[in-house]
Amino acid sequence: MTTLTPVLSAHWDEKDSFTMAGYKRHDGYKAAEKALKMEPDAVIQLIKDSGLRGRGGAGFPTGMKWGFIPQGDNKDHYLVVNADESEPGTCKDMPLLLANPHVLVEGMIIASYAIRAKYAFVYVRGEVTHVVRRVQQAIQDAYAAGYLGKNIFGSGVDLELVLHVGAGAYICGEETALLDSLEGFRGQPRLRPPFPAIAGLYARPTVVNNVESISSVPSIINRGAEWFSSMGTEKSKGMTIYSLSGHVTNPGQIEAPLGITLRELLDLAGGVREGHQLKFWTPGGSSTPIFTAAQLDTPLDYEGVAAAGSMLGTKALQIFDETTCVVRAVLRWSEFYKHESCGKCTPCREGTYWLVQILRDLENGKGSEADLAKLLDLCENILGRAFCALGDGATSPITSSIKHFRDEYIAHFTHGGCPFDPYASTLFASAKAGA
Amino acid sequence: MTTQEQTAQVVDLITVVIDGFEVSVPKGTLVIRAAEKLGIQIPRFCDHPLLDPVGACRQCLVDIEINGRAFPKPQASCTIPVEPGMVVKTQLTSPVAEKAQKGVMEFLLINHPLDCPVCDKGGECPLQNQAMSNGRAESRFEGKKRTFEKPINISSQVLLDRERCILCARCTRFSDQIAADPFITLNERGALQQVGIYENQPFESYFSGNTVQICPVGALTGASYRFRSRPFDLVSTPSACEHCASGCSLRTDVRRSKTLRRLAGDDPEVNEEWNCDKGRWAFKYVTAPDRLTHPMVRDASGELQIASWPEAIAAAANGLRGKRAGVLVGGRTTVEDAYGYSKFARVALGTNDIDFRARISSDEEREFLASRVVGSITSNADIDRADSVLLVGFEAEEESPIVFLRVHKQVRKRGLKVTAIASKLSIGNEKLKANFVSVAPGAEAEAIAKQELTAQSVILVGERASESAGALSAVVALADRTGAKIAWIPRRAGERGALEAGAIGNVLPGGRPVTDAAARADVSAMWGVEKLPSEIGLSSEGIFAAVNSDQIHALVVGGVDPHDSGNNAAAIKALKSAFVVSLEIRPSEVTKIADVVLPVAAVPEKSGSFMNWEGRSRFFEVAVPDSLNRSDVRILSMIADELARPMGISSVKSAANEFAAFGEWDGAKLNFSPVASVPVPKIAADQAVLTSWRRLLDESSLQEGEDNLAGTARKSVVVISPKRASVLGVADGDSVRVSNQHGAVVLPVLVEAIHDDAVWLPRNSLGSHVLATLGVASGSLVTVVKD
Amino acid sequence: MAFTDQDIQVMDSIIKRYQRSRSAIMPLLHYVQSRDGFITNEGIELIANKLDLATAEVSAVSTFYTQYKRKPVGEYHVGVCTNTLCAVMGGDAIFAGLKDHLGLENDGVTEDGKVSLEHIECNAACDYAPVVMANWEFYDNQTVQSAKDLVDAMREGNPPAPTRGPNSLPTWKENSAVLAGLSDGRAAEGVQAGEASLLGLKLSKNQDGAK
C-alpha cells in the first residue's frame, strides 16, 4: 500500500491553518527567506532538479518554464498564478487556498525572485468568495510582514502581488485567455507563438503556473530537490493532490505520490458507494477521456495515464457507478463545453452547438447508429482543428464514451429514451439506502 | 503579400514547397500568401492581409512539416510564417487538410441562413463561393439554427444581420486596429457570440464602410446599397475619389447609367484597401434632380433662359471679349480641367489673374506653394519612414482621412511620434496619441519655431495654416533648420493638381514662375503664343477686390461657393457686378447671379485625373458612359475658339497629353519671403478667438441627399475649455452663443481640451455655417455667452 | 443610482492596483455590481470614461463573463451546480425542486427580490456534491429539502451560514465588493477546511498510527 504524503495538506486540520500564525508555526516563509539568499538561477536549477511538473493539467516541467524567461532583457517580467480552477471534477486548488493561502504567496515570492519578476498576479475564479477573502487576507498579511512590497525580507528585492478575481469563464483557465482577461479583454485565447515566456502579460515575458505547482515550491526549497524527487515515479516526481468525487464512500482530497492507482485510492476512500460497482471515471477532469474498471491499476502519473489513452490532467477522479447513464453524463459535459466555448473559433463554437443537439436527441431516444458515426466524425472535425484545447476537450467524453459504451447509446434508441432512473444515482438515494 | 511585407527591408528569401511546387518568398511571409504566389487558393475568412492574423475561422487549415517533422495536426496557414525546410500540403494534396476544411465549412454553414437569394452579398460572397469550391454538397445538420432579430441598424448607414455573421472578426479588428474606432465589438460568447455596438453608442466611424466591404458574408450591409442590385448587374470602373486630397483609388459600380455604390480600390501606396465613408457613400449629388443639363443665358429681364450650346458659348465670349477678366477655378477640378483654366486665363484672356483657392488663403501661402510645394515629392512613404510627424493647421481625420489612417498605422505599428500644433485637441489627434501643443488661434508660428525635428521628420501642413499669418513662414524656417520634409495637404481633391497646372497667379504649368522669362518662353513655345503676361496675377480675394474697385469686369468661375471665401460679402458683391460665366454641375450661389451658365460633367461622367497631396496622379475613365455632359476643359476650349484665341485642347486626352509634355521645371523656383506673425488679439472676459475646421461629414454640397451618411456625422457643438466653462457656468450640453457683428451661432457646448482663449465651431455643419453666419472662420474675436 | 465621489475614489484605488489601467475593468465591473446589483449602463459608461475606453469595449467584456448580470438578481443569488457530477449526485433534482418551490425558471427572481435562481457549471467543490452556491458561498452536500429550506430562510431574511464561508451569508452586493478586491474583514470567519478536504490527511494519520 502506497504511503500517503501530505505536504501541502499537512496542516489543513489546524483551525488557523490559513492564518499567518498558523503558517509560520510550520516554518512558513522560511523557504522564501532561504531562496532570496540564493542566486535566482540556482533556484530555477533546484526546481528543475526536483522534477516538478505543472499540476494544472499539461504537466510541463516547472523549472524549465521558468528557465525560458529571457534574462537581462531590461523588460518587466511577470508571474501569473492560475487559480481559475474550473475543469469539471477539479476541486483541489480551492480547498488548498481556503486552508493555506500563505503557501501560495510564499511560492509566488520564490518564483518571482527566480524569474526576476517585480509584479505577480494571482487570478482566482470569481465564484468562490470565501477563497477570495482568504487569499486577499494572506496577501495583506504578507505585505504587513514585509514579505511583499519594497525590499522584501530586507533583501533589496521588490515584489508587488495583486489579486485578480475572475467573473465566470472556464476558458480563462487557458493561460493565454487568462492573460487577455487579466489585461482587461474578453478572455479568448491568443495566437502562439509568441509564447507567454516571450510575450505574455502586457507583451512581456511571463510565467503562468497553476496554484498547486507554485505551492509545491516552498517545500522543495525547504527540503531539497532530492526529497521531492524521491517521491513519485521515474518521470512524474513528487506528491500531488488527487480529488475523489462522485459515487465513492468517502469523497475528498488525498495527497499521495504520483503513480498511485485508482484501486488504491478507492480502497483508502472506502470504495465505490455501498452496493454499487464502478462504471466509469475520469482521471483528470471531464476533458480527459473516460476510463472504466479496466484502468483501475493504471499508475496515475503523466506517462501511465497517457499510455492508457487518456491524460492525468488535474487528477480529478470523478467516480460514477452503474446507476449513471453515460449518455446523460456526456450530454451534460457537452452542454458545459458549449456554454464555455469562447466563440473565437469555428470548430469549437459551432461544433459544440451541434454536438449538444445530437446528444440531446440521443438521450431522448431519438436517433440511430448513423448518428453515432456522425458524432464521431464531427469530433474528428473538432479535435485538433480548434484554436485551443477547449475544443479538443469537448470531444474526449464523447469519443471515449462511445468507445466504451456504444451499446448503452444504442439502448437509448432501442428503448425509445433513457433506460436509467436518474434518482438511483443521487446521493439521496444512497442516503436512503444507507438509512 | 501585403505592402507591409513588401516594404520590409528584408530581401531574405525562404524557399518552401507547397503541393509539390517550390516557391521563394520573403522571410515573414505567411503560408497562405506563399501559396497564393503559386496560384494555390487556400480558402479563408478571417484572414485579411492588412489586419493582424487571428486564426479564428480555421478555414485555411493545411498540413505542414518542417525538415521532415510533421505538425501533429493541421495548422492555420494564415498565422504561420514560412520557414526553411517547410513542406506544405493544402487541400489539393492532403486528404487530412481537405477533410479539415470541409469540416470547418460545414460548421460555418450550420447556423448560416439560406437567404442568399435576398442577400446583397449573393454573387460576390466569399462564403458562397468557397462553400461551392471547398464545402460539402449537402449538410448533415438536422438541428435547430441559431436565430437573431434581422437586421439591426448599428448606425444610420450600416445594418447588421447577425444570423449571417460567421464571426471572422474582420469588422471588429478593422475598427480597432485600422480606424481606432472600437465602436463595434464581439459580445457575448460561444454560440451566442455576436458583433454588436454598445446600446448608446452607434457605429459612427468615418471608416465604417470598410467593414461592409471586407465582410466575407452579407452580415454588414450599407443602407444606401441594400437591395438595389445584384453584383453581376453592375459595371465596374476603376476611379479616383473626388472628395479630398488623400487620393483614394476607388471602384465605381454603375447600373443603368446610375452609380449604385463605390468601393475602396486597392492601392498599397495610397489608400491600401480602405477609404472613408464620404468617399464611399457621397455620390448622389451626381444624379440630383436639380442637375444642370442645358446651357443658360440671362436675358434682358434678368432671367436665365435655356440656350443652345452655340448661343451660350457666343454669349460667354461676347461678355468676356475686350474686358479684363479673372478666373476662379475652385478646388475640385481634375488636372486636365485645371490645366484648361490655366491655359484659358493666359491664352484666351491674357491674364495671370487666376486662383484655384476658393477658400480663405493668403499671399504668404501662394508664395509657399510656388516655392515649396509645386513639384515636391513628399509622399506617404515618407510618413511610413518618419521619426516624427508634426501637424500644422491640419486635422488629419477630418480633412484627409486616409492620411490619418496612414499615420495611425505607424503610430500603432511602431509608436510613431505625432505632435499637433492646434488650438483644440481633436478626436483624431487623441487617437494618434498626439502630443497636443495648445496655442491660441493665430499663435501657431511661435510654437512651430520651437519644434525640434530631424531630416527624418515630416511636417504635414494643411490649408488652414494660411489662416494664421506667419505660420507657413515658420514651417519653412523649421524645415530649413532641421531638414524635415514638408507635405502640404489641402482638403480638396483638385488643389494640388491645379497648382501643378498653374491655375494660380504666380506660376505657369509645372511650377514655372510667371516672372521668369525662360519659364515663360518654355510655355509660350508649347502653347504657340507670342507672349504671356509676366506680372504675378491677383489671388481670388484680390480678384474680388479688383472687381469691386472697377478694375476687373468679367469672371470665369468654376465650382466656387462664395461663402467659402475669406470675405464672402466682397465675393458676392463682385459676382453681382461683374459679367460672370459659371461652369457648374448644380444651381449654386454663383449660377443665381451668373450671366452665362454652362453645365459641366460631374466626375463619374468624365475621364481625367486627380493629383493627390503627394503630387501622385490617378487617371480614371468615364464610369457613366452615356452622359451628355462635358468636361470643363472642352467647354473652355470652345469659348477660346469663339474668342479666336484657340487653346488647341478640345478633349481631356489632348489636355492630358499637352500637360504631360511640359515636364518638370528645372529652373529656379519663386523665392519665399517670410511673413511676420500678427499678435493674437487681447480678449475681454466674454470674448474668445474663433477657431474652426470643416468636419469630414458636414453640409458640403457634394454630400447633399445622403441622409444615411449624414446620420453618422459628428454632432454640432461649440467647444470651450474647462476654465471658460466655469466662468460661464455651463456644462456639457448647455446652450452657448457665439457671435460677432455679422451674426450668431448657438449650439450645445462641449467642454474639452482647447486653448483657454479659443472657442471652436464646426465650420460647415448643421446649425453652424461659420463663414456664412459670422463672416470669419478663425483668428477673429467673437463673443461667447451662455444662451 | 448615481455614483458618488466616494465611489469614484474607490474606483481610482482599484485602477491603481495595475500598471495598465485597462486591467482594472473586471474588478470595476464587480464594483458596479456591488453598487447597482448588476451591470448598469451608468456603470459601463463610467468605467469607459475612467479607463479611456469606448463603451463598446467595456460592454464587450462585461457580456463575456457570466457573473456580470444584465438585470437585477435577488439579494441572494442561488446557483445550483448541474454539471455532470453534481447533476448525477442530485443537482438536477435540487434545481428542479427549487424551480418548482420558488415558481421560477432559470435566471428568474422572486417577486420580493430576495432570491434569484440559476443553474451553474462546476464550482470546484465536487467532493461536496451536490453543491449549491449562494452569492458565491459554498453550501455543500445539499438535498432537495435542504435547498428548499435554504431559500425559504433567505426569503425570511435569515439564511443559515455557508458550509465553508463566513459566519453569516452576505448579500449579493456585499459579496460583489469582495470580488472587486475590497476586504470585508471576514476572512477569518468559518472553517479552515471541510471534512472532505481532510480525507487524505486523516488517512495518512491512520497510516502513521498503524505503523
Side-chain angles (χ1 to χ4, degrees), chain A residues 3-4 6 9 12-13 15 17-18 85-86 88-91 94-95 98-99 119 126-130 132-134 136-137 162-163 165 167-170 182-187 202 243-246 250-255 268-269 286 318 320 324 329 332-333 336 339 422 425-428, chain C residues 17-20 22-27 29-30 60-61 64-68 82-85 87-90 92-93 121-127 129-130 133 135-138 143-144 162 164-166 175 178-179 181 183-184 186-188 190 192-193 196-201 203-204 207:
Chain A
T3 304
L4 297 181
S9 59
W12 289 2
D13 57 351
K15 290 278 171 222
S17 65
F18 57 87
E85 181 170 63
S86 308
T90 309
C91 49
M94 294 306 115
L98 207 55
Y119 243 93
E127 303 98 324
V128 286
T129 321
H130 209 50
V132 169
R133 282 191 193 91
R134 291 265 162 94
Q136 172 152 32
Q137 188 65 49
V162 178
L163 166 68
V165 181
Y170 166 67
L182 183 49
E183 287 187 10
F185 295 88
R186 297 157 60 74
Y202 309 137
S243 309
L244 268 110
S245 61
N250 296 308
Q253 310 300 319
I254 302 178
E255 201 173 355
L268 285 162
S286 61
Q318 305 175 84
F320 298 93
T324 313
R332 200 51 64 85
W333 277 324
F336 164 77
H339 183 254
S425 62
T426 63
L427 187 68
F428 337 132
Chain C
R17 291 177 197 158
Y18 301 94
Q19 288 168 297
R20 301 201 188 180
R22 184 168 180 148
S23 284
I25 193 165
M26 291 178 70
L29 285 164
H30 281 304
V61 171
F64 186 83
Y65 301 95
T66 51
Q67 281 181 281
Y68 300 132
T82 56
N83 199 297
T84 302
L85 190 119
V88 164
M89 301 290 286
D92 276 355
E121 297 299 355
C122 183
N123 220 90
C126 317
D127 44 349
M133 304 300 291
N135 296 341
W136 308 117
E137 303 285 2
F138 293 110
T143 63
V144 177
R164 291 175 292 145
N175 265 3
V178 175
L179 300 183
S183 175
D184 63 358
R186 304 183 69 175
Q192 84 288 1
S197 307
L198 300 175
L199 171 68
L201 185 56
L203 291 169
S204 168
Q207 281 182 339

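Here is how names work: the chains are called A, B, and so on, in the same order as the sequence lines, proteins then strands, and each is numbered from 1. What you see is a predicted model; the values in this text were computed from it and never measured.
If you measure heavy-atom distances from A/T90 to chain C, the contacts under 4.5 Å come from the backbone alone. Proximity to chain C involves both the backbone and the side chain of A/V128, based on heavy atoms less than 4.5 angstrom apart. Proximity to chain A involves both the backbone and the side chain of C/A188, based on heavy atoms less than 4.5 angstrom apart. Proximity to chain C involves both the backbone and the side chain of A/Q318, based on heavy atoms less than 4.5 angstrom apart. The parts of C/L199 that come within reach of chain A are both its backbone and its side chain, each placing non-hydrogen atoms under 4.5 angstrom from that chain. Heavy atoms closer than 4.5 Å to chain A are found in both the backbone and the side chain of C/A87. Only the backbone of C/A125 comes within less than 4.5 Å of a heavy atom of chain A; no side-chain atom from C-beta onward does. The part of C/N135 that comes within reach of chain A is its backbone (N, CA, C, O), which places non-hydrogen atoms under 4.5 angstrom from that chain. For A/L268, the parts lying near chain C are the backbone and the side chain together; criterion is any non-hydrogen pair under 4.5 Å. Contact annotation for A/L244: only backbone heavy atoms (N, CA, C, O) come within less than 4.5 Å of a heavy atom of chain C. The contact between A/F320 and chain C is made entirely by side chain atoms (from C-beta outward), counting heavy-atom distances below 4.5 Å.
Of the listed residues (A/S86, A/P95, A/G246), the one with the most heavy-atom contacts under 4.5 Å to chain C is A/G246. Interface summary for chain A: among C/A196, C/P27, C/A193, C/A129, the most heavy-atom pairs under 4.5 angstrom belong to C/A196. Among A/S9, A/G126, A/P6, the residue with the largest count of heavy-atom pairs under 4.5 Å with chain C is A/G126. Taking chain A as the reference chain and counting heavy-atom pairs below 4.5 Å, the highest number among C/L179, C/L29, C/L198 is found for C/L179. Contacts with chain A were tallied for C/S23, C/S204, C/P130, C/G200; C/S23 has the most, counting heavy-atom pairs under 4.5 Å. Of the listed residues (C/R20, C/M133, C/R17), the one with the most heavy-atom contacts under 4.5 Å to chain A is C/R20. Interface check for chain C: of the options A/Y202, A/F336, A/W333, A/Y119, the most heavy-atom pairs under 4.5 Å are formed by A/Y202.
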Do A/Y170 and C/E121 pass the side-chain contact (heavy atoms from CB on, under 4.5 Å) test, and can you show the C-alpha distance, the side-chain angles, and the key distance before you say yes or no?
-> CA-CA 9 Å; A/Y170 166 67; C/E121 297 299 355; over 6 Å; no
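Under the 3.5 Å distance criterion, the side-chain polar atoms of A/R134 are matched with a main-chain donor or acceptor of C/A187. Checked by atom type and distance alone, the side chain of A/Q136 pairs as donor or acceptor with a backbone atom of C/G181 at under 3.5 Å.
Closest approach of C/H30 to A/V165, counting heavy atoms only: NE2-O, 3.9 Å. Between A/M94 and C/A124, the closest heavy-atom pair is CG-CB, 3.6 Å. Heavy atoms only, all atoms of each residue included: A/V132 and C/V178 are closest at CG1-O, 3.8 Å. A pairwise comparison of heavy atoms in A/L4 and C/L203 identifies CD1-CB, 3.6 Å as the closest pair. Here the closest heavy-atom approach between residue C/T82 and residue A/R332 is recorded as O-NH1, 2.9 Å. The heavy-atom pair separating A/T426 from C/G90 by the smallest distance is CG2-CA, 3.7 Å.
Here C/R186 pairs with C/S168, C/E189 under the side-chain hydrogen bond (donor to acceptor under 3.5 Å, both in side chains) rule; sequence neighbours left out. Under the side-chain hydrogen bond (donor to acceptor under 3.5 Å, both in side chains) criterion, C/Y65 pairs with A/S181, sequence neighbours left out.
Between A/H130 and C/E137, some side-chain heavy-atom pair lies under the 4.5 Å cut-off.
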